[in-house]
Amino acid sequence: MTNTSTGKASADERRLLTPAEVAAKLGVTENALAIWRYYRRGPNFFKLGRAVRYDALEVEQFKEDNAQICRHDIRNLRRR
């Protein structure tokens with residue numbers, strides 16, 4: 001059920017993703033995700049027993065927070 005006042009999904013509606021799904025979404029390997037988990041980088045994750053899961057909304061937020069903006073109007077970056 002979606003909370004109409006905030007527009008956010010309830011905890012029951014949040015989709016949990018496997019490391020393979022997250023790796024595909026982010027364009028990295030599952031091993032890279034494991035390294036990020038070890039160093040506490042990357043998207044937040046859950047440990048359910050031995051299984052690792054990622055909240056789909058948090059993965060999207062991680063992507064937005066880490067987007068690099070390329071400015072095409074910058075010219076002559078090298079100094080001569």
Side-chain angles (χ1 to χ4, degrees):
M1 173 186 330
T2 302
N3 184 337
T4 55
S5 63
T6 62
K8 293 187 177 183
S10 69
D12 293 335
E13 288 184 336
R14 289 186 152 187
R15 182 157 182 258
L16 296 179
L17 304 174
T18 65
E21 292 171 314
V22 175
K25 276 184 169 279
L26 297 179
V28 299
T29 64
E30 289 183 61
N31 190 49
L33 286 176
I35 292 168
W36 289 357
R37 285 193 303 272
Y38 180 81
Y39 287 108
R40 301 289 187 214
R41 296 182 179 180
N44 293 330
F45 63 94
F46 299 96
K47 289 282 288 196
L48 306 170
R50 290 175 50 183
V52 174
R53 295 293 182 264
Y54 295 86
D55 184 316
L57 296 176
E58 292 214 18
V59 172
E60 290 302 316
Q61 187 64 48
F62 175 79
K63 284 172 54 176
E64 289 176 19
D65 292 346
N66 290 283
Q68 300 294 313
I69 299 172
C70 296
R71 294 187 54 196
H72 298 289
D73 60 343
I74 298 175
R75 299 174 199 264
N76 300 324
L77 294 177
R78 284 190 286 173
R79 294 183 181 208
R80 295 179 187 213

If you compare all heavy atoms of Glu21 against all heavy atoms of Leu16, which two are closest, and at what distance to 0.1 Å?
OE1-O, 4.3 Å

Could you tell me which residues satisfy side-chain contact (heavy atoms from CB on, under 4.5 Å) with Ala20, sequence neighbours excluded, listed by chain and number?
Thr18, Glu30

Kindly write out the residues that satisfy side-chain hydrogen bond (donor to acceptor under 3.5 Å, both in side chains) with Asp65, not counting sequence neighbours, or none if the list is empty.
Gln61

Partners meeting side-chain hydrogen bond (donor to acceptor under 3.5 Å, both in side chains) with Lys25 (sequence neighbours left out):
Glu60

Anything under 3.5 Å between a donor and an acceptor, one on a side chain of residues 33-51, the other on a protein residue two or more places apart or in another chain? List them.
from	atom 1	to	atom 2	distance (Å)
Arg37	NH1	Tyr54	OH	2.8
Asn44	ND2	Glu58	OE1	2.8

Would you say Leu26 ends up clustered with Leu57 if hydrophobic residues are merged whenever their side chains have heavy atoms under 4.5 Å apart, either directly or through other cluster members?
no

